[in-house]
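The structure appears right after this line, and notes come after that.
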Amino acid sequence: MDRIRIIGGNRLNGVIPISGAKNAALPLMIASLLTKEKLVLDNVPRLSDVRQLSRILGNHGVDVTVAGKRNGQDGEIGQTLKLDAEMIVDTCAPYELVSTMRASFWVIAPLLARMGEARVSLPGGCAIGTRPVDLLLMALERLGATIEIEGGYAVAKAPAGGLKGAEIAFPKVTVGGTHTALMAAVLANGTTVLHNAAREPEVTDLAECLIKMGARIRGLGTATLEIDGVPRLSGAQHAVLPDRIETGTYAMAVAMTGGDVLLEGARADHLQAALDMIGQAGATIACNNEGIRVSRNGSLLEAVDVATDPFPGFPTDLQAQFMALMTQANGTSRIAETIFENRFMHVQELARLGAQIRLSGDIATVEGVARLKGAQVMATDLRASVSLVIAGLAAEGETMINRVYHLDRGFEQLETKLGRCGADVTRISG
Ligand code: EPZ
(Lines give C-alpha, C1' and ligand atoms only; values in the text may rest on other atoms or scores of the structure.)
Protein backbone atom coordinates (compact mmCIF):
# COMPACT_ATOMS: atom_id res chain seq x y z
CA MET A 1 0.00 0.00 0.00
CA ASP A 2 1.41 3.41 -0.97
CA ARG A 3 2.49 5.92 1.65
CA ILE A 4 3.41 9.59 1.43
CA ARG A 5 6.47 10.97 3.17
CA ILE A 6 6.63 14.67 3.95
CA ILE A 7 9.59 16.55 5.32
CA GLY A 8 8.02 19.65 6.81
CA GLY A 9 9.23 23.21 7.05
CA ASN A 10 9.34 24.39 3.42
CA ARG A 11 7.38 27.40 2.30
CA LEU A 12 5.17 27.01 -0.76
CA ASN A 13 5.79 29.24 -3.77
CA GLY A 14 4.55 28.94 -7.34
CA VAL A 15 1.46 27.91 -9.24
CA ILE A 16 -0.99 25.09 -8.51
CA PRO A 17 -3.46 24.31 -11.33
CA ILE A 18 -6.83 23.43 -9.84
CA SER A 19 -8.44 20.23 -11.12
CA GLY A 20 -12.06 19.60 -12.00
CA ALA A 21 -14.23 18.94 -8.95
CA LYS A 22 -14.66 15.31 -7.94
CA ASN A 23 -18.05 16.04 -6.40
CA ALA A 24 -19.30 17.58 -9.63
CA ALA A 25 -17.73 14.98 -11.94
CA LEU A 26 -19.45 12.06 -10.17
CA PRO A 27 -23.09 13.24 -10.56
CA LEU A 28 -22.32 14.49 -14.09
CA MET A 29 -21.07 11.04 -15.07
CA ILE A 30 -24.19 9.50 -13.53
CA ALA A 31 -26.36 11.88 -15.58
CA SER A 32 -25.11 10.09 -18.71
CA LEU A 33 -27.60 7.32 -17.82
CA LEU A 34 -30.44 9.72 -18.67
CA THR A 35 -29.85 9.73 -22.43
CA LYS A 36 -29.21 7.37 -25.33
CA GLU A 37 -26.85 9.94 -26.80
CA LYS A 38 -23.23 10.68 -25.90
CA LEU A 39 -22.34 12.90 -22.98
CA VAL A 40 -18.86 14.39 -23.28
CA LEU A 41 -17.33 15.69 -20.06
CA ASP A 42 -14.18 17.81 -20.13
CA ASN A 43 -11.91 18.59 -17.18
CA VAL A 44 -12.74 15.36 -15.34
CA PRO A 45 -10.11 14.79 -12.64
CA ARG A 46 -8.07 11.59 -12.88
CA LEU A 47 -9.04 10.05 -9.55
CA SER A 48 -9.77 6.59 -8.26
CA ASP A 49 -13.41 7.56 -7.51
CA VAL A 50 -13.85 8.47 -11.19
CA ARG A 51 -12.37 5.13 -12.27
CA GLN A 52 -14.60 3.27 -9.83
CA LEU A 53 -17.71 5.07 -11.06
CA SER A 54 -16.71 4.27 -14.65
CA ARG A 55 -16.73 0.58 -13.66
CA ILE A 56 -20.14 0.95 -12.01
CA LEU A 57 -21.59 2.70 -15.08
CA GLY A 58 -19.96 0.06 -17.29
CA ASN A 59 -21.93 -2.56 -15.37
CA HIS A 60 -25.15 -0.80 -16.42
CA GLY A 61 -23.95 -0.84 -20.04
CA VAL A 62 -22.44 2.63 -20.34
CA ASP A 63 -19.45 2.77 -22.64
CA VAL A 64 -16.94 5.11 -20.96
CA THR A 65 -13.90 6.16 -22.97
CA VAL A 66 -11.09 8.58 -22.23
CA ALA A 67 -11.02 10.95 -25.16
CA GLY A 68 -8.25 13.35 -24.28
CA LYS A 69 -6.34 15.19 -21.62
CA ARG A 70 -6.77 18.74 -20.48
CA ASN A 71 -4.62 21.27 -22.28
CA GLY A 72 -2.55 22.98 -19.71
CA GLN A 73 0.53 22.63 -17.70
CA ASP A 74 2.11 19.44 -19.06
CA GLY A 75 -1.38 18.25 -19.95
CA GLU A 76 -1.14 16.13 -16.86
CA ILE A 77 -4.30 17.01 -15.01
CA GLY A 78 -7.81 16.34 -16.16
CA GLN A 79 -9.23 14.27 -18.98
CA THR A 80 -12.17 14.23 -21.34
CA LEU A 81 -14.59 11.36 -20.86
CA LYS A 82 -17.13 10.21 -23.43
CA LEU A 83 -20.05 8.39 -21.87
CA ASP A 84 -22.41 6.50 -24.14
CA ALA A 85 -25.46 4.96 -22.45
CA GLU A 86 -27.31 4.02 -25.64
CA MET A 87 -28.15 0.60 -24.20
CA ILE A 88 -28.79 0.06 -20.51
CA VAL A 89 -28.21 -3.63 -20.00
CA ASP A 90 -28.71 -3.88 -16.25
CA THR A 91 -30.70 -1.72 -13.82
CA CYS A 92 -29.10 -3.32 -10.76
CA ALA A 93 -26.17 -1.72 -8.93
CA PRO A 94 -24.75 -4.51 -6.78
CA TYR A 95 -23.38 -4.28 -3.25
CA GLU A 96 -19.77 -5.03 -4.28
CA LEU A 97 -19.71 -1.90 -6.44
CA VAL A 98 -21.89 0.54 -4.48
CA SER A 99 -20.40 -0.21 -1.06
CA THR A 100 -17.03 1.26 -2.09
CA MET A 101 -18.45 4.64 -3.08
CA ARG A 102 -21.51 6.24 -1.60
CA ALA A 103 -22.24 8.60 -4.50
CA SER A 104 -22.85 5.59 -6.75
CA PHE A 105 -26.21 5.15 -4.99
CA TRP A 106 -27.36 8.18 -7.00
CA VAL A 107 -27.65 5.97 -10.13
CA ILE A 108 -31.05 5.03 -8.72
CA ALA A 109 -32.57 8.28 -10.04
CA PRO A 110 -31.64 8.19 -13.75
CA LEU A 111 -32.25 4.42 -13.95
CA LEU A 112 -35.71 4.86 -12.48
CA ALA A 113 -36.50 7.89 -14.65
CA ARG A 114 -35.37 6.32 -17.92
CA MET A 115 -35.97 2.60 -17.41
CA GLY A 116 -38.85 2.73 -14.90
CA GLU A 117 -36.99 0.55 -12.39
CA ALA A 118 -33.80 0.29 -10.41
CA ARG A 119 -32.35 -2.05 -7.83
CA VAL A 120 -29.49 -0.41 -5.98
CA SER A 121 -27.59 -1.63 -2.96
CA LEU A 122 -27.96 0.64 0.07
CA PRO A 123 -24.62 2.30 0.76
CA GLY A 124 -22.89 1.21 3.93
CA GLY A 125 -21.98 3.34 6.92
CA CYS A 126 -19.03 5.60 6.57
CA ALA A 127 -16.26 7.00 8.67
CA ILE A 128 -17.83 10.45 8.92
CA GLY A 129 -21.29 9.51 10.18
CA THR A 130 -24.32 7.34 9.50
CA ARG A 131 -25.23 9.14 6.25
CA PRO A 132 -28.70 7.74 5.59
CA VAL A 133 -30.52 7.89 2.22
CA ASP A 134 -34.05 8.41 3.56
CA LEU A 135 -34.38 11.84 1.97
CA LEU A 136 -33.25 10.56 -1.44
CA LEU A 137 -35.88 7.84 -1.28
CA MET A 138 -38.51 10.30 0.00
CA ALA A 139 -37.89 12.50 -3.06
CA LEU A 140 -38.31 9.56 -5.45
CA GLU A 141 -41.50 8.48 -3.66
CA ARG A 142 -42.89 12.00 -3.97
CA LEU A 143 -42.36 11.61 -7.73
CA GLY A 144 -44.58 8.53 -7.67
CA ALA A 145 -42.01 5.73 -7.28
CA THR A 146 -42.70 2.78 -5.04
CA ILE A 147 -39.68 1.71 -3.06
CA GLU A 148 -39.16 -1.51 -1.13
CA ILE A 149 -36.08 -2.40 0.86
CA GLU A 150 -35.20 -6.02 0.07
CA GLY A 151 -32.08 -7.80 1.25
CA GLY A 152 -30.09 -4.59 1.60
CA TYR A 153 -31.26 -3.20 -1.73
CA ALA A 154 -33.58 -0.30 -2.53
CA VAL A 155 -35.90 -1.63 -5.21
CA ALA A 156 -37.61 1.27 -6.96
CA LYS A 157 -40.37 1.15 -9.55
CA ALA A 158 -41.98 4.00 -11.46
CA PRO A 159 -45.76 4.06 -11.97
CA ALA A 160 -47.15 2.86 -15.33
CA GLY A 161 -47.09 6.28 -17.05
CA GLY A 162 -43.67 7.18 -15.61
CA LEU A 163 -42.62 9.47 -12.76
CA LYS A 164 -44.88 12.45 -12.06
CA GLY A 165 -43.81 15.98 -11.16
CA ALA A 166 -44.40 16.93 -7.52
CA GLU A 167 -43.60 19.41 -4.77
CA ILE A 168 -40.67 18.12 -2.72
CA ALA A 169 -39.65 19.89 0.48
CA PHE A 170 -36.38 18.71 1.99
CA PRO A 171 -36.43 18.96 5.80
CA LYS A 172 -32.65 19.44 5.74
CA VAL A 173 -30.27 20.47 2.98
CA THR A 174 -28.91 17.44 1.18
CA VAL A 175 -26.56 17.55 -1.79
CA GLY A 176 -27.18 13.93 -2.79
CA GLY A 177 -30.93 14.37 -2.28
CA THR A 178 -30.95 17.38 -4.59
CA HIS A 179 -28.84 15.61 -7.26
CA THR A 180 -31.16 12.60 -7.09
CA ALA A 181 -34.38 14.61 -7.23
CA LEU A 182 -33.06 16.69 -10.16
CA MET A 183 -32.04 13.64 -12.20
CA ALA A 184 -35.41 11.98 -11.60
CA ALA A 185 -37.53 15.07 -12.20
CA VAL A 186 -36.01 16.06 -15.56
CA LEU A 187 -37.76 13.08 -17.24
CA ALA A 188 -40.95 13.13 -15.13
CA ASN A 189 -44.37 14.16 -16.45
CA GLY A 190 -45.18 17.71 -15.39
CA THR A 191 -43.50 20.17 -13.08
CA THR A 192 -41.47 19.45 -9.97
CA VAL A 193 -40.55 22.05 -7.38
CA LEU A 194 -37.68 21.34 -4.98
CA HIS A 195 -37.84 23.40 -1.78
CA ASN A 196 -34.81 23.80 0.47
CA ALA A 197 -32.63 22.42 -2.34
CA ALA A 198 -28.84 22.35 -1.88
CA ARG A 199 -27.19 25.41 -3.47
CA GLU A 200 -23.71 23.88 -3.70
CA PRO A 201 -21.90 24.85 -6.94
CA GLU A 202 -21.77 21.14 -7.84
CA VAL A 203 -25.59 21.06 -7.89
CA THR A 204 -25.64 24.07 -10.20
CA ASP A 205 -23.01 22.42 -12.42
CA LEU A 206 -25.21 19.34 -12.75
CA ALA A 207 -28.26 21.50 -13.50
CA GLU A 208 -26.32 23.43 -16.17
CA CYS A 209 -25.26 20.20 -17.85
CA LEU A 210 -28.83 18.84 -17.71
CA ILE A 211 -30.05 22.06 -19.35
CA LYS A 212 -27.51 21.52 -22.16
CA MET A 213 -29.02 18.03 -22.52
CA GLY A 214 -32.46 19.59 -23.01
CA ALA A 215 -33.80 19.71 -19.44
CA ARG A 216 -35.92 22.64 -18.30
CA ILE A 217 -34.74 23.86 -14.90
CA ARG A 218 -35.28 27.27 -13.28
CA GLY A 219 -33.87 28.79 -10.10
CA LEU A 220 -30.24 27.65 -10.49
CA GLY A 221 -28.14 28.63 -7.49
CA THR A 222 -31.22 29.19 -5.30
CA ALA A 223 -32.93 26.98 -2.73
CA THR A 224 -36.00 26.54 -4.96
CA LEU A 225 -35.51 24.61 -8.18
CA GLU A 226 -38.36 24.22 -10.66
CA ILE A 227 -38.16 21.50 -13.24
CA ASP A 228 -40.52 20.98 -16.17
CA GLY A 229 -40.11 17.35 -17.21
CA VAL A 230 -39.32 16.54 -20.85
CA PRO A 231 -39.86 13.18 -22.64
CA ARG A 232 -36.19 12.66 -23.47
CA LEU A 233 -32.77 14.24 -23.14
CA SER A 234 -30.04 14.50 -25.76
CA GLY A 235 -26.27 14.32 -25.65
CA ALA A 236 -24.16 17.34 -24.67
CA GLN A 237 -20.64 18.53 -23.92
CA HIS A 238 -19.82 20.05 -20.56
CA ALA A 239 -16.68 21.01 -18.63
CA VAL A 240 -16.55 20.11 -14.92
CA LEU A 241 -16.19 23.16 -12.69
CA PRO A 242 -12.95 23.71 -10.71
CA ASP A 243 -12.69 21.93 -7.38
CA ARG A 244 -13.45 24.37 -4.56
CA ILE A 245 -12.39 21.88 -1.89
CA GLU A 246 -9.01 21.30 -3.53
CA THR A 247 -8.69 25.09 -3.83
CA GLY A 248 -9.47 25.66 -0.17
CA THR A 249 -7.12 22.87 0.88
CA TYR A 250 -4.13 24.37 -0.94
CA ALA A 251 -5.06 27.87 0.24
CA MET A 252 -4.87 26.58 3.80
CA ALA A 253 -1.60 24.81 3.08
CA VAL A 254 -0.05 28.12 1.96
CA ALA A 255 -1.54 29.96 4.93
CA MET A 256 0.04 27.30 7.12
CA THR A 257 3.55 27.13 5.66
CA GLY A 258 3.87 30.71 4.43
CA GLY A 259 4.81 31.60 0.85
CA ASP A 260 2.94 32.78 -2.22
CA VAL A 261 0.93 30.54 -4.55
CA LEU A 262 -1.45 31.17 -7.45
CA LEU A 263 -4.32 28.65 -7.41
CA GLU A 264 -4.82 28.67 -11.14
CA GLY A 265 -8.36 28.43 -12.47
CA ALA A 266 -9.93 28.57 -8.99
CA ARG A 267 -13.24 30.40 -8.52
CA ALA A 268 -13.49 32.65 -5.48
CA ASP A 269 -17.29 32.89 -5.72
CA HIS A 270 -17.49 29.17 -4.92
CA LEU A 271 -15.42 29.52 -1.79
CA GLN A 272 -16.06 32.93 -0.26
CA ALA A 273 -16.84 31.76 3.28
CA ALA A 274 -13.61 29.75 3.52
CA LEU A 275 -11.51 32.48 1.88
CA ASP A 276 -12.89 35.00 4.41
CA MET A 277 -11.80 32.72 7.26
CA ILE A 278 -8.34 32.15 5.80
CA GLY A 279 -8.02 35.92 5.36
CA GLN A 280 -9.14 36.57 8.95
CA ALA A 281 -6.56 34.05 10.09
CA GLY A 282 -3.83 36.21 8.54
CA ALA A 283 -3.20 35.14 4.92
CA THR A 284 -3.54 37.59 2.05
CA ILE A 285 -6.04 36.58 -0.61
CA ALA A 286 -6.18 38.26 -4.01
CA CYS A 287 -8.50 37.15 -6.80
CA ASN A 288 -7.98 37.85 -10.48
CA ASN A 289 -8.83 36.35 -13.88
CA GLU A 290 -6.19 33.68 -13.49
CA GLY A 291 -7.45 32.38 -10.16
CA ILE A 292 -6.81 33.02 -6.49
CA ARG A 293 -3.47 34.09 -5.10
CA VAL A 294 -2.77 33.22 -1.49
CA SER A 295 0.25 34.47 0.42
CA ARG A 296 1.57 34.86 3.91
CA ASN A 297 4.93 36.34 4.54
CA GLY A 298 5.97 36.79 8.12
CA SER A 299 2.57 37.70 9.59
CA LEU A 300 1.37 35.52 12.46
CA LEU A 301 -1.75 33.42 12.21
CA GLU A 302 -4.69 34.35 14.44
CA ALA A 303 -7.30 31.97 15.83
CA VAL A 304 -10.72 32.13 14.13
CA ASP A 305 -13.94 30.34 15.10
CA VAL A 306 -15.75 28.42 12.39
CA ALA A 307 -19.01 26.47 12.02
CA THR A 308 -19.63 24.30 8.97
CA ASP A 309 -22.83 24.95 7.03
CA PRO A 310 -24.37 24.11 3.67
CA PHE A 311 -23.30 26.39 0.80
CA PRO A 312 -22.70 29.33 0.87
CA GLY A 313 -21.47 28.59 4.40
CA PHE A 314 -18.12 27.12 5.40
CA PRO A 315 -17.90 23.62 3.79
CA THR A 316 -17.70 20.54 5.98
CA ASP A 317 -15.21 19.18 3.42
CA LEU A 318 -12.71 21.86 4.58
CA GLN A 319 -13.27 21.47 8.32
CA ALA A 320 -10.37 19.05 8.91
CA GLN A 321 -7.94 21.20 6.91
CA PHE A 322 -8.98 24.35 8.80
CA MET A 323 -8.42 22.53 12.07
CA ALA A 324 -4.87 21.73 10.98
CA LEU A 325 -4.36 25.42 10.16
CA MET A 326 -5.70 26.52 13.53
CA THR A 327 -3.08 24.43 15.36
CA GLN A 328 -0.61 27.09 14.18
CA ALA A 329 -2.72 30.11 15.10
CA ASN A 330 -2.24 32.43 18.00
CA GLY A 331 -5.08 31.77 20.47
CA THR A 332 -7.93 29.32 20.86
CA SER A 333 -10.24 28.40 18.00
CA ARG A 334 -13.63 26.69 18.24
CA ILE A 335 -14.64 24.59 15.25
CA ALA A 336 -18.25 23.37 15.09
CA GLU A 337 -19.23 20.55 12.72
CA THR A 338 -22.95 20.87 12.00
CA ILE A 339 -23.34 18.63 8.91
CA PHE A 340 -21.96 15.22 9.93
CA GLU A 341 -22.14 13.94 13.48
CA ASN A 342 -18.84 12.12 13.54
CA ARG A 343 -16.45 14.00 11.32
CA PHE A 344 -13.61 14.39 13.79
CA MET A 345 -11.54 11.29 13.04
CA HIS A 346 -8.57 13.51 12.20
CA VAL A 347 -8.40 14.92 15.74
CA GLN A 348 -6.48 12.04 17.26
CA GLU A 349 -4.13 11.84 14.29
CA LEU A 350 -3.39 15.58 14.44
CA ALA A 351 -2.70 15.01 18.15
CA ARG A 352 0.00 12.50 17.13
CA LEU A 353 1.74 15.41 15.43
CA GLY A 354 1.48 17.48 18.60
CA ALA A 355 -1.82 19.34 18.10
CA GLN A 356 -3.82 20.21 21.19
CA ILE A 357 -7.49 19.71 20.47
CA ARG A 358 -10.39 19.01 22.85
CA LEU A 359 -13.62 17.51 21.61
CA SER A 360 -17.00 18.12 23.15
CA GLY A 361 -20.04 17.05 21.15
CA ASP A 362 -19.91 18.74 17.78
CA ILE A 363 -17.28 21.28 18.81
CA ALA A 364 -13.52 20.95 18.63
CA THR A 365 -11.47 23.46 20.59
CA VAL A 366 -8.00 23.95 19.15
CA GLU A 367 -5.27 25.43 21.29
CA GLY A 368 -2.64 27.15 19.16
CA VAL A 369 0.30 27.51 18.77
CA ALA A 370 1.30 23.88 18.86
CA ARG A 371 4.77 22.95 17.73
CA LEU A 372 4.02 20.13 15.32
CA LYS A 373 6.53 17.30 14.99
CA GLY A 374 6.45 14.68 12.25
CA ALA A 375 5.04 11.23 13.03
CA GLN A 376 3.39 8.19 11.43
CA VAL A 377 -0.28 8.95 10.83
CA MET A 378 -3.21 7.55 8.95
CA ALA A 379 -6.73 8.65 8.29
CA THR A 380 -10.09 7.12 7.65
CA ASP A 381 -11.43 9.50 5.04
CA LEU A 382 -10.32 11.73 2.24
CA ARG A 383 -10.50 15.18 3.81
CA ALA A 384 -9.04 13.95 7.11
CA SER A 385 -6.08 12.52 5.18
CA VAL A 386 -5.34 15.77 3.46
CA SER A 387 -5.52 17.67 6.75
CA LEU A 388 -2.64 15.45 7.87
CA VAL A 389 -0.74 16.34 4.69
CA ILE A 390 -0.97 20.05 5.34
CA ALA A 391 -0.13 19.57 9.00
CA GLY A 392 2.90 17.53 7.87
CA LEU A 393 4.02 20.40 5.62
CA ALA A 394 4.25 22.65 8.67
CA ALA A 395 5.62 20.04 11.06
CA GLU A 396 9.23 19.64 11.98
CA GLY A 397 10.86 16.52 10.51
CA GLU A 398 9.28 13.55 8.79
CA THR A 399 5.58 12.76 8.61
CA MET A 400 4.53 9.48 7.04
CA ILE A 401 0.92 9.29 5.85
CA ASN A 402 -0.45 5.78 5.55
CA ARG A 403 -3.55 4.67 3.64
CA VAL A 404 -2.86 7.01 0.73
CA TYR A 405 -5.72 5.48 -1.23
CA HIS A 406 -8.02 7.90 0.55
CA LEU A 407 -6.07 10.82 -0.96
CA ASP A 408 -6.11 9.24 -4.41
CA ARG A 409 -9.91 9.25 -4.29
CA GLY A 410 -10.05 13.03 -4.30
CA PHE A 411 -6.75 14.83 -4.94
CA GLU A 412 -5.30 14.66 -8.44
CA GLN A 413 -1.48 14.75 -8.59
CA LEU A 414 -1.21 15.89 -4.97
CA GLU A 415 2.49 15.28 -4.51
CA THR A 416 3.40 16.72 -7.93
CA LYS A 417 1.39 19.88 -7.35
CA LEU A 418 2.86 20.47 -3.89
CA GLY A 419 6.35 19.36 -4.95
CA ARG A 420 6.44 21.97 -7.74
CA CYS A 421 5.83 24.65 -5.13
CA GLY A 422 8.77 23.56 -3.01
CA ALA A 423 7.24 21.02 -0.65
CA ASP A 424 9.25 17.91 0.13
CA VAL A 425 6.61 15.24 -0.57
CA THR A 426 7.41 11.76 -1.83
CA ARG A 427 5.16 8.82 -2.61
CA ILE A 428 6.57 5.52 -1.46
CA SER A 429 5.08 2.63 -3.39
CA GLY A 430 4.41 -0.78 -2.00
C1 EPZ B 1 -21.97 15.33 -0.45
O2 EPZ B 1 -22.32 14.16 0.27
C3 EPZ B 1 -20.49 15.23 -0.74
N4 EPZ B 1 -20.21 14.04 -1.52
C5 EPZ B 1 -19.70 15.19 0.57
O6 EPZ B 1 -18.32 15.17 0.26
C7 EPZ B 1 -20.03 16.45 1.36
O8 EPZ B 1 -19.36 16.39 2.61
C9 EPZ B 1 -21.53 16.55 1.58
O10 EPZ B 1 -22.23 16.51 0.30
C11 EPZ B 1 -21.95 17.84 2.28
O12 EPZ B 1 -21.51 18.96 1.56
C13 EPZ B 1 -20.31 14.09 -2.85
O14 EPZ B 1 -20.70 15.08 -3.45
C15 EPZ B 1 -19.91 12.87 -3.61
P16 EPZ B 1 -25.60 15.35 2.08
P17 EPZ B 1 -23.85 13.77 0.49
O18 EPZ B 1 -26.70 14.51 1.58
O19 EPZ B 1 -24.63 14.23 -0.68
C20 EPZ B 1 -27.97 14.03 6.03
C21 EPZ B 1 -16.12 14.27 0.24
O22 EPZ B 1 -15.21 14.17 1.08
N23 EPZ B 1 -28.82 13.21 5.18
O24 EPZ B 1 -25.59 16.80 1.68
O25 EPZ B 1 -23.87 12.36 0.87
C26 EPZ B 1 -26.53 13.52 6.10
O27 EPZ B 1 -26.39 12.47 7.02
C28 EPZ B 1 -17.56 13.97 0.60
O29 EPZ B 1 -15.91 14.59 -0.95
C30 EPZ B 1 -29.92 12.57 5.72
O31 EPZ B 1 -30.19 12.70 6.92
O32 EPZ B 1 -24.21 14.68 1.75
C33 EPZ B 1 -25.79 14.78 6.50
O34 EPZ B 1 -25.92 14.97 7.87
C35 EPZ B 1 -17.71 13.53 2.03
N36 EPZ B 1 -30.70 11.79 4.91
C37 EPZ B 1 -26.57 15.88 5.78
O38 EPZ B 1 -27.85 15.32 5.47
C39 EPZ B 1 -30.44 11.64 3.59
O40 EPZ B 1 -31.18 10.93 2.90
C41 EPZ B 1 -25.95 16.38 4.49
O42 EPZ B 1 -25.61 15.26 3.68
C43 EPZ B 1 -29.32 12.30 3.03
C44 EPZ B 1 -28.53 13.09 3.85
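Both backbone and side-chain heavy atoms feed into the values below; hydrogens, waters and symmetry mates do not. Start at 1 and go down the list; that is how both ligands and their atoms are numbered.
Residues Val107 and Ala93 share a closest heavy-atom pair of CG2-CB, 4.0 Å.
Per-residue contacts place Trp106 under 4.0 angstrom from the following atoms of ligand 1 (heavy atoms of the residue considered): 13 (C), 14 (O), 15 (C), 19 (O). Listed by number with element, the atoms of ligand 1 under 4.0 angstrom from any heavy atom of Arg343 are 8 (O), 22 (O), 35 (C). Of all the atoms in ligand 1, the ones that sit under 4.0 Å from a non-hydrogen atom of Gly176 are 18 (O), 19 (O). Those atoms of ligand 1 that come under 4.0 Å of a heavy atom in Lys22, given as number and element, are 21 (C), 29 (O).
Ring orientation note: the planes of Phe322 and Phe314 are nearly perpendicular, at an angle over 60° on the 30°/60° scale.
A 4.5 Å side-chain heavy-atom check between Glu226 and Ile217 finds every atom pair outside the cut-off. Residues Val203 and Leu220 have side chains not in contact (no heavy-atom distance under 4.5 Å, counting atoms from C-beta outward). A 4.5 Å side-chain heavy-atom check between Leu137 and Phe105 finds at least one atom pair inside the cut-off. In this structure, the side chains of Leu143 and Thr192 come closer than 4.5 Å at one or more pairs of heavy atoms. Residues Val50 and Lys22 fail the side-chain proximity criterion, which asks for heavy atoms closer than 4.5 Å. Two residues are said to be in side-chain contact when any heavy atoms from C-beta on lie closer than 4.5 Å; Leu140 and Thr180 meet this criterion. With contacts defined as side-chain heavy-atom distances shorter than 4.5 Å, the pair Thr249/Glu246 does not qualify.
Contact annotation: for Lys172 versus ligand 1, heavy atoms closer than 4.0 Å belong to the side chain alone. Neither the backbone nor the side chain of Glu341 comes within 4.0 Å of ligand 1, counting heavy atoms alone. At a heavy-atom cutoff of 4.0 Å, ligand 1 is contacted by the side chain of Thr316 but not by its backbone. Of all the heavy atoms of Phe170, none lies under 4.0 Å from any atom of ligand 1, so neither backbone nor side chain is involved. By the criterion of a heavy-atom distance under 4.0 Å, neither the backbone nor the side chain of His179 is placed next to ligand 1. Heavy atoms of Met101 found under 4.0 angstrom from ligand 1: none, in either backbone or side chain.
The shell of residues lying under 4.0 angstrom from ligand 1, judged by heavy atoms, excludes Glu337. Within the structure, the closest approach of Pro132 to ligand 1 falls below 4.0 Å when heavy atoms are considered.
Of the candidates Asp317, Leu382, Val173, the one placing a heavy atom closest to atom 5 (C) of ligand 1 is Asp317. Atom 33 (C) of ligand 1 has its nearest heavy-atom neighbour, among Leu318, Ile339, Asp381, in Ile339.
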Derivation and outcome, ring pair (Phe, Tyr, Trp, His ring centres under 6.0 Å), residues Tyr153 and Tyr95: CA-CA 8 Å; Tyr153 281 73; Tyr95 174 78; 7.8 Å; no
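Residue Glu200 has no nitrogen or oxygen atom sitting less than 3.5 Å from a nitrogen or oxygen atom of ligand 1, judged on distance alone. Note: an N/O pair closer than 3.5 Å links Leu135 and ligand 1 by distance alone.
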